[in-house]
K.L.:
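Structure provided below as structure tokens; questions to follow.
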Amino acid sequence: HAIECRVYAEDPENGFLPSLGEILLLNEPRGPGVRVDSGVAQGDTVSMHYDPMIAKLALHAAGRPEAIDRAIAALRQYAVLGVTTNVAYLIAILDHPAFRAGETHTGFIPEHLPDWRDDAGGQLNLAVAAAALQERSGAVFTAPAAGNGLSAATGQPSPWQRLGAFRLQGLD
């Protein structure tokens with residue numbers, strides 16, 4: 001069985017509007033039965049001039065339940081810092097009991113996830129991203145400095161604000 005998930009720099013909680021900005025960290029999943037086809041890299045900018053797709057994540061396994069589990073595990077490993085993604089939304093779809101049972105139809109989303117919100121507030125993805133960044137750079141986590149956390153360039157929450165109670169130091 002195969003499943004494809006399209007990872008986008010978009011905000012499911014805001015009408016799926018594109019999330020523009022620099023991809024500060026990109027850590028793609030790896031493993032048996034996992035394939036990532038991507039046209040972006042860490043340091044690239046998601047702009048309003050191009051499609052905000054980050055990657056196609058293709059997974060295969062012996063059967064549907066295993067493919068779903070593998071897809072969820074891969075999405076949980078996907079770390080993107082700097083832009084909002086639809087990763088948590090994809091996990092919610094894949095992990096829904098009706099999806100797992102194969103009870104999908106064109107009205108699946110309005111029926112089962114009409115007012116979906118990321119209950120974790122994206123914290124799982126940010127924690128994975130922070131751990132990947134720490135592993136790559138030896139960064140240290142400390143409490144953030146005072147301030148509103150908004151990016152001077154865009155007026156949007158900065159990646160550091162989205163990290164919550166942590167900030168990265170020691171990056172040169």
Side-chain angles (χ1 to χ4, degrees), residues 1-42 44-46 50-136 156-157 159 161-164 166:
H1 195 88
I3 294 178
E4 180 179 284
C5 299
R6 293 184 179 212
V7 177
Y8 276 84
E10 63 184 14
D11 187 354
E13 294 183 38
N14 193 20
F16 294 91
L17 289 174
S19 177
L20 308 179
E22 183 181 350
I23 298 173
L24 301 173
L25 175 83
L26 180 63
N27 195 34
E28 297 172 334
R30 299 178 204 39
V34 176
R35 175 179 167 167
V36 178
D37 294 329
S38 180
V40 300
Q42 187 169 306
D44 287 352
T45 299
V46 177
Y50 299 98
D51 186 327
M53 185 188 304
I54 293 174
K56 293 180 198 174
L57 176 62
L59 309 111
H60 68 85
R64 180 179 172 85
E66 297 85 6
I68 291 170
D69 290 343
R70 184 169 283 170
I72 291 170
L75 287 166
R76 286 187 173 142
Q77 292 174 16
Y78 222 117
V80 181
L81 187 61
V83 295
T84 301
T85 69
N86 65 336
V87 168
Y89 188 72
L90 294 170
I91 292 170
I93 292 168
L94 291 166
D95 206 25
H96 194 281
F99 185 90
R100 284 186 173 274
E103 299 168 1
T104 57
H105 49 81
T106 57
F108 179 87
I109 300 296
E111 180 181 336
H112 297 290
L113 301 166
D115 299 314
W116 178 86
R117 292 282 180 234
D118 183 4
D119 294 335
Q123 294 304 309
L124 175 62
N125 189 37
L126 290 172
V128 170
L133 184 59
Q134 184 175 17
E135 179 181 315
R136 287 184 182 181
Q156 298 295 316
Q161 182 187 35
R162 291 192 56 118
L163 270 174
F166 295 98

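Since this is a predicted model, take the numbers as computed values, not measurements.
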K.L.:
Provide the closest heavy-atom pair for Tyr78 versus Leu26 in the form atom of the first, atom of the second, distance.
P.N.:
CE2-CD1, 3.8 Å

K.L.:
Which value, rounded to the nearest 0.5 Å, describes the distance between Ile3 atom CD1 and Leu94 atom CG?
P.N.:
5.5 Å

K.L.:
Once you round to the nearest 0.5 Å, how far does CZ of Arg35 lie from NZ of Lys56?
P.N.:
9.0 Å

K.L.:
Are Phe99 and His112 close enough that their ring centres sit under 6.0 Å apart?
P.N.:
no

K.L.:
Say whether, by atom type as modelled, one donor and one acceptor occur between the side chain of Asn86 and the main chain of Tyr8 under 3.5 angstrom.
P.N.:
yes

K.L.:
Report, as yes or no, whether the 6.0 Å neighbourhood of atom OH on Tyr50 holds more than 12 heavy atoms from other residues, nucleotides or ligands.
P.N.:
no

K.L.:
When Glu28 is tested against each of Val34, Val7, Val36, Ile54 for side-chain contact (heavy atoms from CB on, under 4.5 Å), which residue passes?
P.N.:
Val36

K.L.:
Which heavy-atom pair separates Ile23 from Ala41 by the least distance, and what is that distance?
P.N.:
CB-O, 4.2 Å

K.L.:
Nearest 0.5 Å, what's the CD1-CD1 distance between Ile93 and Ile109?
P.N.:
3.5 Å

K.L.:
Testing the basics here: between Glu103 and Phe108, what is the closest heavy-atom pair and its distance to 0.1 Å?
P.N.:
O-CD1, 3.7 Å

K.L.:
Closest approach of Asp44 and Gly39, non-hydrogen atoms and distance?
P.N.:
OD2-O, 4.3 Å

K.L.:
How long is the span from the OG1 atom in Thr45 to the CG atom in Leu24, to the nearest 0.5 Å?
P.N.:
9.0 Å

K.L.:
Salt bridge check, Glu4 against Arg6: does any charged N sit closer than 4.0 Å to a carboxylate O?
P.N.:
yes

K.L.:
Which is it for Trp116 and Glu13 under the side chain to side chain contact (heavy atoms under 4.5 Å, CB included) test, yes or no, and what are the steps along the way?
P.N.:
CA-CA 7 Å; Trp116 178 86; Glu13 294 183 38; 3.9 Å; yes

K.L.:
Could you pull out the closest heavy-atom pair between His96 and Ala98, with the gap in Å?
P.N.:
ND1-N, 3.0 Å

K.L.:
Say you draw a straight line from CD1 of Ile68 to CG of Leu59; how long is it, rounded to the nearest 0.5 Å?
P.N.:
11.0 Å

K.L.:
Heavy atoms only: give me the nearest Ala62-Glu66 pair and the separation to one decimal.
P.N.:
C-OE1, 4.2 Å

K.L.:
Once rounded to the nearest 0.5 Å, what's the spacing between atom CG of Leu25 and atom CG of Leu81?
P.N.:
6.0 Å

